[in-house]
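Presented below is the structure to which this report refers.
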Amino acid sequence: MLSYSVLYHYAPVRVQIVFHGIDSGFYDLLKEKLDEADAVLDMYRIKTLRENDMAFVIVLKELYNYEIMEFSDPGSMIIRFYQDAYYTAEEKHPGQMVYFLLTDPVSSDEELGSLLLQYQEEKPVQVRNMTGEYLLIIDGYDSKAEAEQRYKAIIKKYGTDNAFYVSGGKIEDIPE
């Protein structure tokens, strides 16, 4: 049976998928198919802390959403993208600001792995910026005050020379 996890994030709007126990050849096949999808702005691999995991991010174009369906007979998984211009009052929407804790661009794969390991309790996620460099992000908050409160907790836990700072942007923006 296929083992995977899916997380949805903002800034930019993206889906993070981790397949457990699958080799990287699967990613190449999937990327080839998804590069043709109208909903996909970008797709890239991300680093995992577990050796047998294969993880990647699908950045969605504005006003697109996704759903994942899994079938047992025959065993298959379908990722479907659809336009979603309707939002309830509780949902985030294009143009809305979101705040988070962010790192500067990470210069090497080793540094990225080290930061992921050091801050793993905070569940940082990886995002690729406009220049192709990787950043780490912790959470997404509706207000700057909430992000600053979380930052204070990070300082208390890791000290003032930690890798993160408070930042923000529209939910559809790719961090610089």
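What you see is a predicted model; the values in this text were computed from it and never measured.
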Check the surroundings of atom CD in Glu148: do more than 12 heavy atoms from other residues, nucleotides or ligands lie under 6.0 Å from it?
yes
Are side-chain heavy atoms of His20 and Ser5 found at a separation under 4.5 Å?
yes
When you measure from the side chain of Thr103 to the backbone N and O of Leu136, does any donor-acceptor pair fall under 3.5 Å?
yes
I'd like to know if the side chain of Tyr10 reaches the main chain of Lys170, judged simply by a donor and an acceptor atom lying under 3.5 Å from each other, with no hydrogens or angles considered.
no
Going by the side-chain contact (heavy atoms from CB on, under 4.5 Å) test, name the single residue among Val57, Ile171, Asp173, Val59 that passes it with Pro12.
Val59
Locate the shortest heavy-atom distance separating Ile68 from Tyr4; write the atom from each residue and the value.
CG2-OH, 3.9 Å
Please say whether more than 12 non-hydrogen atoms of neighbouring residues, nucleotides or ligands are located less than 6.0 Å from CE in Met69.
yes
For Ala11 against Val98, the heavy-atom pair lying closest together:
CB-CG1, 3.8 Å
Would a 4.5 Å heavy-atom cut-off, applied to side chains only, mark Tyr44 and Ile58 as touching?
no
Could you list the residues that satisfy salt bridge (Lys or Arg N to Asp or Glu O under 4.0 Å) with Lys144, not counting sequence neighbours?
none
Do any N or O atoms from the side chain of Glu67 and from the backbone of Phe81 form a donor-acceptor pair under 3.5 angstrom?
no
Test log, rule side-chain hydrogen bond (donor to acceptor under 3.5 Å, both in side chains), inputs Arg150 and Tyr141:
CA-CA 9 Å; Arg150 178 68 190 274; Tyr141 303 96; 3.1 Å; yes
Quick check: Tyr27 with Phe19 (ring centres under 6.0 Å apart)?
no
Any Ile79 side-chain heavy atom under 4.5 Å of Val15 side chain:
no
First locate atom OH of Tyr134, then atom CD of Gln126, and finally report the distance between them rounded to the nearest 0.5 Å.
7.5 Å
I want to check something: taking the side chain as every heavy atom from C-beta on, are Leu49 and Gln120 in contact at a cut-off of under 4.5 Å?
yes
Between Leu115 and Ala163, the two heavy atoms sitting closest are CD2-CB, 3.9 Å
Are the side chains of Phe56 and Met43 in touch, meaning some heavy atoms are under 4.5 Å apart?
yes
Inter-residue atom distance Leu29.CG - Leu34.CG, 0.5 Å rounding
9.5 Å
Taking side-chain contact (heavy atoms from CB on, under 4.5 Å) as the criterion, tell me which of Val125, Asp42, Leu60, Leu41 meets it with Arg14.
Val125
Gap between atom OG1 of Thr131 and atom CD1 of Ile174 - 0.5 Å precision:
10.5 Å
Nearest 0.5 Å please: distance from the CG atom of Asp28 over to the CD atom of Glu32.
9.0 Å
Salt bridge (charged side-chain N to carboxylate O under 4.0 Å, His left out) partners of residues 96-116, not counting sequence neighbours, each pair once
Lys47-Asp109
Inter- and intrachain pairs under side chain to side chain donor-acceptor pair (under 3.5 Å), touching residues 157-168, at least two apart:
Glu121-Lys157, Glu122-Lys157, Glu122-Tyr158
